[in-house]
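Down below is the structure, laid out as structure tokens.
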2 protein chains.
Amino acid sequence: MARKPNQSPERGDARTRLLEAARDIIRQKGFAATSVDDLCRSAGVTKGAFFHHFKTKEALGVAAAAFWSQTTGALFSAASYHAPEDPLERILAYLEFRRSIIGGETFEYTCLVGTMTQEVHATAHPIRDACAESIFGHAATLEPDISAAMRLHGITADWTAESLARHTQAVLQGAFILAKAAGNAELARESLDHLIRYVRLLFGQTAAL
Amino acid sequence: MARKPNQSPERGDARTRLLEAARDIIRQKGFAATSVDDLCRSAGVTKGAFFHHFKTKEALGVAAAAFWSQTTGALFSAASYHAPEDPLERILAYLEFRRSIIGGETFEYTCLVGTMTQEVHATAHPIRDACAESIFGHAATLEPDISAAMRLHGITADWTAESLARHTQAVLQGAFILAKAAGNAELARESLDHLIRYVRLLFGQTAAL
DNA sequence: AACAATACCGACCGTATGGTATGTGTCAAT
DNA sequence: ATTGACACATACCATACGGTCGGTATTGTT
């Protein structure tokens, strides 16, 4: 029997399938515990394909972080939380949106780059740099709304829009850790509730939820 | 030359030295990326000693989490934040204390069990269970003060002391992730500031910091 | 002193891992 | 029709890894 190469899954998408596999498996097992063979098996490709697209495993990590930035960036920019006219309402809608997508299996709602950051955070580590860009890049998208809300509500505070934007991401990341520890997504939502209450209090609303 | 076994470091402390090495190295590289040889080298012991004290590498992970609970538990129970008479002041003093010990190299102030949780959070994983016990056990030590403060300040809220205690730990864990991503401890302190402001607002104080 | 238990050493083993070298099928341009 | 670039596949390699094993000091007990 002559060779029957694997071309049932469309040819040319091995790279994407590897990145999707990385996104899911690394969120379950972490970067170091995820082997190249794991990724190839899950993506349905061979090692040759892997190292054709990525020079090293580390290069895949960097690419996975970039892939994460792109896909989640598209998700967020298309989401409806940008609709309200009041910038504070947009912020609260963002947080509600983040809360609403927490559920199902842990690896389905937690953050890839947050997970990888925990493992590889030596200074000047390329994966860490890619993760940092993803996290802080996303945080930066919140700043305009926060600044606008501060102006509109006449807030003169000892905190900055930048710091609050980063804090929202810190709460999200920490919420994921507690949810992972307990194996319970509800714990993540619980912290999101506290964050939403905090933002309301900051802008002078009483803590009605 | 006859054999000259390693007995300059006092005999009998190999286990402790391995746990200390695990505490430091796992916080730098993560659990999976930390090899048994790494630990032995850092602790100045041999593999024989390692597997004499720990049946498997996973068993060391569990023991390291327990060791972490014990040592940090002793640190916290001896700390001076318990002194104030007003329970709210004790809570704020706790958060200030947590803030004050953030500094230096990343691996010196971040949380071992938070780091390990990110990697091994399959259900029924013994390391994850040990990490969860450490995190939620510590959170539980805050509940009495929060409950007392709620009573004293006449707070009837839609949140519980338990959930706020957990939220403080979520913020801490998330603050560590951002600090790791940026390689900057200041980012962790920044989130702690927001958390302190939140607690003040919750208990009716204005956000003076 | 004899003995047993404990703590530790260091060589060794099987396997899994990241990575390489080479080959093969596909497609587009010439 | 030929060529060359690309996207894979297959077989293979060197090493690093977790773990084992037989042995040797040291300590406590009787």
Note to self: Parallel, tilted or perpendicular, judged at 30° and 60°: which one describes the rings of B:Phe203 and B:Trp159?
What the structure shows: perpendicular
Short heteroatom pairs, N/O only, protein and nucleotides 19-21 of chain C, under 3.5 Å:
unit_1	atom_1	unit_2	atom_2	d
C:dG19	OP2	A:Lys57	N	2.9
C:dG19	O6	A:Lys47	NZ	3.0

Check: A:His53 side chain: which of D:dA7, C:dC9, C:dT17 is closest?
Finding: D:dA7
Notebook entry, point to check: Does any donor atom in the side chain of A:Arg98 or A:Tyr94 lie under 3.5 Å from an acceptor atom in the other side chain?
Noted result: yes
Rounded distance in Å - [atom1] ([X]) to [atom2] ([N]):
X: B:Arg41; N: D:dG18; atom1: CZ; atom2: P; answer: 11 Å
X: A:Phe54; N: D:dC8; atom1: CZ; atom2: P; answer: 11 Å
X: A:Arg17; N: D:dC8; atom1: CZ; atom2: C1'; answer: 13 Å
X: B:Lys29; N: D:dA16; atom1: NZ; atom2: C1'; answer: 12 Å
X: B:Leu18; N: C:dA7; atom1: CG; atom2: C1'; answer: 12 Å

Next item on the list: Kindly compute the distance separating CH2 (A:Trp68) from SG (A:Cys111), expressed to the nearest 0.5 Å.
Entry: 5.5 Å
Check: Considering only heavy atoms from C-beta outward, does the side chain of B:His125 approach that of B:Glu58 to under 4.5 Å?
Finding: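 Yes, side chains in contact.
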Margin query: Would the distance check show the side chain of B:Gln70 and the main-chain N or O of B:Phe67 forming a donor-acceptor pair, the cut-off being under 3.5 Å?
Written below: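 Answer holds: no.
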Check: Is any side-chain nitrogen or oxygen of B:His52 closer than 4.0 Å to OP1 or OP2 of C:dA7?
Finding: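 True: B:His52 side-chain N/O within range (under 4.0 Å) of C:dA7 OP1/OP2.
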Note to self: Check for me whether A:Lys57 meets the cation-pi criterion with A:Phe31, that is, NZ or CZ under 6.0 Å from the six-membered ring centre and within 45 degrees of the ring axis.
What the structure shows: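 Verdict for A:Phe31: a cation-pi partner in A:Lys57.
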Margin query: At 4.0 Å (heavy atoms only), tell me whether B:Ser35 reaches a base, stays on the sugar-phosphate, or touches nothing.
Written below: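 Since only primed, P, OP1 and OP2 atoms lie under 4.0 Å of B:Ser35, the category is sugar-phosphate.
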